[in-house]
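Whatever order the structure lists ligands and atoms in, that order sets their numbers, starting from 1.
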Amino acid sequence: MAPTVATPPKADSPPALAIGRYRVDPAVVLAPMAGITNVAFRTLCREFGSPTSLYVCEMITARAVVERDPKTMEMITFGPDEHPRSLQLYSVDPVNMRAAVELIAGEGLADHIDMNFGCPKSTH
Ligand SMILES: Cc1cc2nc3c(=O)[nH]c(=O)nc-3n(C[C@H](O)[C@H](O)[C@H](O)COP(=O)(O)O)c2cc1C
């Protein structure tokens, strides 16, 4: 007799998330993690997760993009199966943030940009 395999209980899926022209379904996002969500980690997560979820890259400093720092330009490369390509830009300077977004959008280096303006100053 064939062994019986227990079926895991079905979890309620969160509703899809619409970000511009992209539909993140289910609405599960791999949070950006500096030093962790590199192309290899994202590829593994996508392999075991949903192909239509969002997998955000490591935090990228806007100024380093504007200056085309070679290590940073390497960090913003995506794998061939990564779509949409989600990039997190960090800056507290709106001029650098704008210039980096223009460079990335103008050269088609990513499909989605997550902006990180840092944590607000504590008043304590
Ligand atoms: C190791 C590590 C690195 C992180 N790096 C970033 C980062 O680069 N940018 C960012 O916005 N948040 C960063 N975070 C915060 C996460 O994106 C996330 O917001 C946080 O872990 C809260 O999510 P959780 O409650 O699921 O842990 C980092 C968190 C961890 C643990």
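- In this structure, Thr52 and Arg23 have side chains that are not in contact, with every pair of non-hydrogen atoms separated by 4.5 Å or more.
- Shown here are the side chain to side chain contact (heavy atoms under 4.5 Å, CB included) partners of Ile19, two or more places apart in sequence or in another chain: Leu17, Val24, Leu54, His112.
- In this structure, atom 11 (O) of ligand 1 is in close contact with the protein, since a protein heavy atom lies within 4.0 Å of it.
- The minimum heavy-atom distance linking Tyr55 with Arg42 is given by the pair O-CD, 3.6 Å.
- Among protein heavy atoms, atom 30 (C) of ligand 1 sits closest to Met33 CG, 3.8 Å.
- At a threshold of 4.5 Å between non-hydrogen side-chain atoms, the residues Leu89 and Val101 count as touching.
- Between Glu58 and Lys71 there is no salt bridge, since no side-chain nitrogen of the basic residue lies less than 4.0 Å from a carboxylate oxygen of the acidic one.
- The option from Ala31, Pro32, Cys57 that lies nearest to atom 7 (C) of ligand 1, judged by heavy atoms, is Pro32.
- Contacts between Asp114 and ligand 1, counted as non-hydrogen atom pairs separated by less than 4.0 Å, are absent for every part of the residue.
- The protein heavy atom nearest to atom 8 (O) of ligand 1 is Met59 CB, 3.0 Å.
- Atom 14 (N) of ligand 1 is approached by the protein to below 4.0 angstrom, counting heavy atoms only.
- Side chains of Arg85 and Ile76 form no contact here, defined as non-hydrogen atoms less than 4.5 Å apart.
- Remark: atom 26 (O) of ligand 1 lies closer than 4.0 Å to no protein heavy atom.
- In this structure, atom 22 (C) of ligand 1 has its sub-4.0 angstrom surroundings free of protein heavy atoms.
- The 12-atom threshold is not exceeded at CZ of Arg63, counting heavy atoms of other residues, nucleotides or ligands nearer than 6.0 Å.
- Note that atom 17 (O) of ligand 1 has protein non-hydrogen atoms nearby, at separations under 4.0 angstrom.
- Taking every heavy atom of both residues into account, Pro15 and Ala27 meet most closely at O-CB, 3.0 Å.
- Interface of Asn116 with ligand 1, defined as ligand atoms under 4.0 Å from a residue heavy atom, comprises 9 (N), 10 (C), 11 (O).
- Of all protein heavy atoms, the one closest to atom 5 (N) of ligand 1 is Ala34 N, 2.9 Å.
- Between Ser50 and Pro26 there is a side-chain heavy-atom pair separated by less than 4.5 Å.
- Looking only at heavy atoms of the protein, atom 9 (N) of ligand 1 is closest to Gln88 OE1, 2.8 Å.
- Interface atoms of ligand 1 facing Ile36, defined by a heavy-atom separation under 4.0 Å, are 1 (C).
- For ligand 1, none of its N or O atoms has an N or O atom of Glu58 under 3.5 Å away.
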